[in-house]
Amino acid sequence: MSLLRCENVTKRFGGLVAVDDVTFEIKHGEIMAIVGPNGAGKTTMFNLINGVFPADEGKIWFEDMDVTDFPAYKRAHLGMGRTFQIPRPFSSATVQENIAIGAMFGASGSETSTDMAMEMADHYIDLIGLKEHRDKPAGGLTPIEKKLVEIARALAMKPKLLLMDEAMAGMNPKDIDEMVVFIKHIRDTEGIAIVAMVEHIMRAVAGLAERVIVMHQGALLVDEPTQKALTDPRVIEVYLGKPPEDEHA
Amino acid sequence: MIFEQLSGNLIQGLVLGAVYGMATMGLSLIFGVLKVVNVGHGACIMVGAYTALFMFKQFGLSPLFAVPVAMIIGMTLGLIFYYSAIRRLLKGPELATLLATFSFGVILEETIKQLFTSEVVGYNWDLPKFDIGITVLSLSKILAAVGSILVALLLYLWFNKTRAGMAMRSVVEDDDGARVCGVNVDWEYALSFSLGIGLTVTSGVLLTMFIPVGINPYMGGPYTLKAFVIAVLGGLASPYGAFFGGVVFGLVENGSYTLFAMIPGVEPFAMTRFFSFVMLLVILLIRPTGILKAK
Amino acid sequence: MKNTEKYLPVIPVLVAYAALLAYGVLIPGKWQIASQLAFYCALGQAFNLFMGMTGYVDFGYVAFLGVGSYGMALPIYHLSDKGLGLWLIVIGIFLAAVFSFILSLAVGAVALRLRGAYFAIATIGVNEGFRFLIEGARIWNGSEGLLFFLHMRTAFGKQTATAISNYWADGMVFAVAIVAAIMTLIYMRNKVGYALTALREDEDAAKVMGINVTKYKITAFITSAVLAGILGATAWSLKYSYVYPSDVFEIHYTVEAIINVLLGGAGTLLGPLVGGIIYGVSKYFLAIILPGFQLLIFAPVIIAIIVLFPEGTVGMLKKKVIGTPLEKYII
Amino acid sequence: MLKVEKLESGYGSMQVLWGPDLEVKAGSITSLLGPNGAGKSTLLWTILGTVTPTNGKVYFEGQDVTDLPAHKKVNLGLTMVPEGKNLFKEMTVFDNLSMGAYRKEAQEVKQENLELVYSMFPILAERKDQLAGSLSGGQQQMVTIGRALMTKPKFIMMDEPSQGLAPKLIMEIFQTIVKMKEEIGLTILLVEQNAAASLGAADYVYVMHEGSIKAEGTPDEIKGSDEIKEAYLGM
């Protein structure tokens with residue numbers, strides 16, 4: 001059984017086809033990356049998977065349940081977590097409260113009281129190493145700390161699938177390497193599938209993902225194991241471009 | 001008989017609708033450029049009504065002369081308010097600009113109340129009336145409608161034919177695009193707010209040419225409501241959409257008045273106002289981006 | 001956090017209301033001022049439950065006080081000779097709650113699907129729309145309103161009726177203020193409050209966290225509306241023995257609610273209390289010094305607060321006490 | 001012509017630029033390469049002035065323009081072809097181009113510039129009365145470039161002009177860029193992901209990654225160097 005299956009998913013905005021007939025699967029516990037140049041439709045794909053807006057065509061299955069028409073919050077209850085490209089913590093709430101909100105309303109939210117959620121939050125605060133910031137409003141943190149809080153908040157939802165939108169944008173190489181180790185660690189300890197959208201930081205893709213999906217102009221170009229995907233000539237063309245003179249050859 | 005009454009009222013509605021349309025263009029302009037909803041819209045209309053009233057009573061000047069004066073007053077008020085508050089709130093939460101424009105309206109109302117008392121007043125501009133068979137139209141009403149159409153037309157020409165108007169349109173379309181063309185976008189923001197308030201105050205003058213009575217500091221409330229109905233009809237961000245929305249609204253309002261008047265035991269005037277509220281909710285529910293918009 | 005510790009902030013609230021009550025009861029001639037202040041506090045507390053916690057502005061808020069006042073007026077007006085005695089007040093409060101519940105459900109079902117500015121636009125006509133429905137369709141005596149001074153005497157006897165208008169109605173306003181404050185604290189300490197904080201900060205992120213935002217917005221909206229309804233029933237109907245549609249749907253009460261909340265600090269527990277008292281006291285003195293100028297002075301104050309101190313009095317105080325023992329008490 | 005020193009900027013609390021240094025010589029095409037998210041677009045918007053720099057300096061023709069607002073920089077002859085095109089979609093092609101000639105100096109030579117744009121992109125002359133939003137992606141790109149030319153610039157920053165275009169069109173766009181340098185004498189700072197095409201057109205190249213400059217040199221020096229592969233593919 002696959003964890004998530006997208007079947008012929010299409011999304012249009014006005015005349016623009018943002019996601020064009022895309023089909024792929026995500027297995028339990030795997031780390032997959034979606035890459036592609038700007039405007040390839042990756043963020044739209046993310047938004048379709050977790051229900052920020054509905055697909056125009058096609059079906060989305062989560063653990064063999066048809067979730068195509070589910071709103072975002074219901075998909076979260078089923079076990080989809082998400083982080084944003086530019087971190088969006090709840091600024092006025094403390095770090096602990098931010099993470100507790102994930103626990104309260106996520107996959108096991110209905111059985112989690114606020115007190116339990118606060119305790120669970122402490123566990124994740126330890127995990128991301130922000131103990132000294134526990135009672136500070138999240139709005140005052142540095143961007144990287146915000147990112148960590150967002151990841152912890154998503155983890156506290158107990159997701160089966162964690163969608164990370166450019167988790168490493170704006171980080172320096174050292175932070176990226178640490179983040180790669182951290183993401184692998186949480187996959188191993190929490191046993192969740194992770195889909196990271198890291199379209200530009202190839203160093204992270206290569207170090208992190210087991211499988212890569214390359215999108216280009218809304219369509220799925222390549223779906224292969226990482227090494228194979230990154231050496232695929234079509235991928236290199238999408239990234240490096242084809243020299244103009246090749247057109248005449 | 002009923003049909004005649006209805007068609008007579010519809011013609012009145014068409015004429016009033018043109019004024020309504022003009023009275024909403026300022027609201028749509030401000031929303032279009034700044035994404036700010038001017039909750040004090042009705043109060044600005046009220047200021048225009050007092051401008052016309054004051055010039056008529058004090059100097060015996062026809063309301064037509066009040067039009068440019070109202071424009072200047074409105075634009076000045078708009079600039080002051082933009083630079084003292086709105087500019088600093090544009091990046092904040094929506095709540096902030098909503099409360100600020102709301103307070104702006106209250107300031108206008110209370111200032112006018114202090115200057116003119118809260119007495120309900122009116123004036124009588126004696127112009128000939130024309131009987132066109134099914135209804136009687138006064139010259140004053142026709143002038144109001146023609147004036148409104150002229151203002152709308154001027155705005156259209158300004159937007160489409162002048163360098164300054166095109167610059168503002170370009171900001172509505174894409175502010176970064178405007179920047180790379182060398183447009184001072186911050187100034188365009190200020191100008192559009194100022195122009196929006198100016199147009200609204202001016203529309204208050206034209207409205208008194210249509211309805212020269214019932215002028216009081218708190219007369220704006222119903223107009224705010226009507227303007228919102230009209231603006232969402234026309235798509236909220238489009239001044240021309242607003243103009244056509246106004247015409248449609250004028251027709252619907254006068255049509256529904258006729259129908260309510262036929263129901264016994266009902267006050268048609270109040271019911272028409274209730275109806276505009278229901279219309280607002282229904283439009284927002286079905287299509288918040290506007291019904292008249294092509295796409 | 002332990003349960004007792006969680007609810008510690010209720011202490012300053014109770015102390016403040018007790019002090020206000022004592023001021024009114026113990027010092028001769030101050031009851032009216034104290035109860036007027038309590039009204040502003042109650043109005044702010046109830047309004048804050050929605051506006052402060054969600055960040056949405058309801059410009060038609062006074063409509064809930066309006067229908068609530070009808071909820072109280074109608075049974076007294078129609079059933080005064082049925083020998084129900086004080087049960088009439090119970091029925092009135094119940095009806096006030098039901099009316100405001102129904103209206104908030106109807107408005108909320110439409111308006112709360114909309115965001116930000118569109119929500120505000122949808123609500124701006126609620127009070128006017130409802131007023132004109134009552135006047136236009138001549139419901140509940142239409143524009144003539146309901147006058148039930150004599151009905152009160154018939155129902156409760158002359159002495160009790162006077163006592164109700166002069167004391168018990170005000171006492172109930174205190175009760176509404178305290179209940180509203182306690183509801184706020186309960187919400188803050190439970191999932192509702194966390195959900196509201198999340199959606200106020202970032203509605204899309206909240207959805208992605210599994211929060212059914214519409215459900216929680218409606219919860220806060222209805223709670224806030226029902227409290228307003230009961231406030232209208234007690235502070236207006238019981239106190240003045242009449243209801244005019246042009247009075248009880250007057251938008252200025254919405255303005256006052258906004259001022260009370262902003263002065264104190266939106267989304268805080270103590271804010272509306274502090275804001276209500278600051279507003280009430282300054283309005284009282286302004287009425288003496290500059291009669292008729294209150295709103296003209298307060299409207300620019302709103303703008304000044306939004307531009308300069310968006311957090312309000314308590315919001316700033318809250319920041320000051322972080323790290324001190326007072327932290328547990330002030331939210 | 002343009003000099004950037006230790007520029008830092010970002011959005012809210014998220015810093016994107018970490019102090020890149022850069023110099024563009026008059027009459028050259030300088031190419032700025034780097035993966036998506038490297039901060040290239042942010043660098044251009046910071047140079048233009050819509051993103052406020054928190055640190056560092058921008059000099060244009062020797063003058064410190066760090067704190068000048070965007071419209072004043074355009075008045076000095078600096079403009080940009082933005083990546084998202086930022087067209088006025090509900091305005092005609094002609095009106096879009098007219099907006100390019102907004103500043104006073106550009107008004108005076110509007111007719112000549114219009115002819116120049118139409119001679120470079122004849123299709124725009126044919127479509128001048130169509131709404132810009134109704135054009136194809138490639139034609140929209142032409143309008144954006146045309147609009148920038150209408151401002152009578154000395155210096156144009158181009159953000160990914162080839163993005164989303166078919167290979168044949170990419171070639172045409174690059175030919176146009178070279179023409180702009182050689183025939184009109186413009187100085188161009190070119191941001192591209194399409195490294196191969198960009199290297200062919202450029203006189204000098206900077207490689208940007210994670211908000212700062214990682215390598216620079218002539219196209220021949222950069223071609224085949226490991227820095228590019230490292231920056232692009234992490235291999």
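Each chain gets a letter, A, B and so on, in the order the sequences are listed, and its residues count up from 1.
For Lys35(B), no part lies under 4.5 angstrom from a heavy atom of chain C. Only the side chain of Thr224(B) comes within contact range of chain C, with heavy atoms under 4.5 Å apart. With a threshold of 4.5 angstrom between heavy atoms, Glu128(C) approaches chain B through side-chain atoms but not through N, CA, C or O. When heavy atoms are compared at a cutoff of 4.5 Å, Phe102(B) approaches chain C solely by way of its side chain, counted from C-beta outward. The parts of Glu110(B) that come within reach of chain C are both its backbone and its side chain, each placing non-hydrogen atoms under 4.5 angstrom from that chain. Both the backbone and the side chain of Pro222(B) come within contact range of chain C, judged by heavy atoms closer than 4.5 Å. In this structure, chain B has no heavy atom under 4.5 Å from any part of Ile134(C). Residue contact with chain B, scored on non-hydrogen atoms closer than 4.5 Å, involves the backbone and the side chain of Leu133(C) alike. Residue Leu89(B) touches chain C through its side chain alone, counting heavy-atom pairs closer than 4.5 Å. Only the side chain of Tyr218(B) has a heavy atom closer than 4.5 Å to any heavy atom of chain C.
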Audit row: Arg138(C), Glu267(B), salt bridge (charged side-chain N to carboxylate O under 4.0 Å, His left out) steps and yes/no: CA-CA 7 Å; Arg138(C) 303 209 174 125; Glu267(B) 282 179 29; 3.3 Å; yes
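At most 12 heavy atoms of other shown residues, nucleotides or ligands fall within 6.0 angstrom of atom OH in Tyr284(C).
Heavy-atom minimum distance, Ile121(C) versus Leu280(B): O-CD2, 3.3 Å. For Leu95(B) against Gly55(C), the heavy-atom pair with the smallest separation is CD1-O, 3.4 Å.
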Show me, pair by pair, the donor-acceptor contacts under 3.5 angstrom made by side chains of residues 288-315 of chain C, not counting sequence neighbours?
unit_1: Gln294(C); atom_1: OE1; unit_2: Gly292(C); atom_2: N; d: 3.2
unit_1: Glu311(C); atom_1: OE2; unit_2: Lys319(C); atom_2: NZ; d: 2.7
unit_1: Thr313(C); atom_1: OG1; unit_2: Leu263(C); atom_2: O; d: 2.4

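Against chain B, the residues from residues 246-256 of chain C that qualify, each with a non-hydrogen atom under 4.5 angstrom away, are Ile251(C), His252(C), Val255(C) in number order.
Put simply, CZ on Arg273(B) and CZ on Arg131(C) are 7.0 Å apart, with the number rounded to the nearest 0.5 Å. The CG atom of Leu98(B) lies 11.5 Å from the OH atom of Tyr56(C); values are rounded to the nearest 0.5 Å.
Ring-centre distance between Phe277(B) and Phe132(C): not below the 6.0 Å cut-off.
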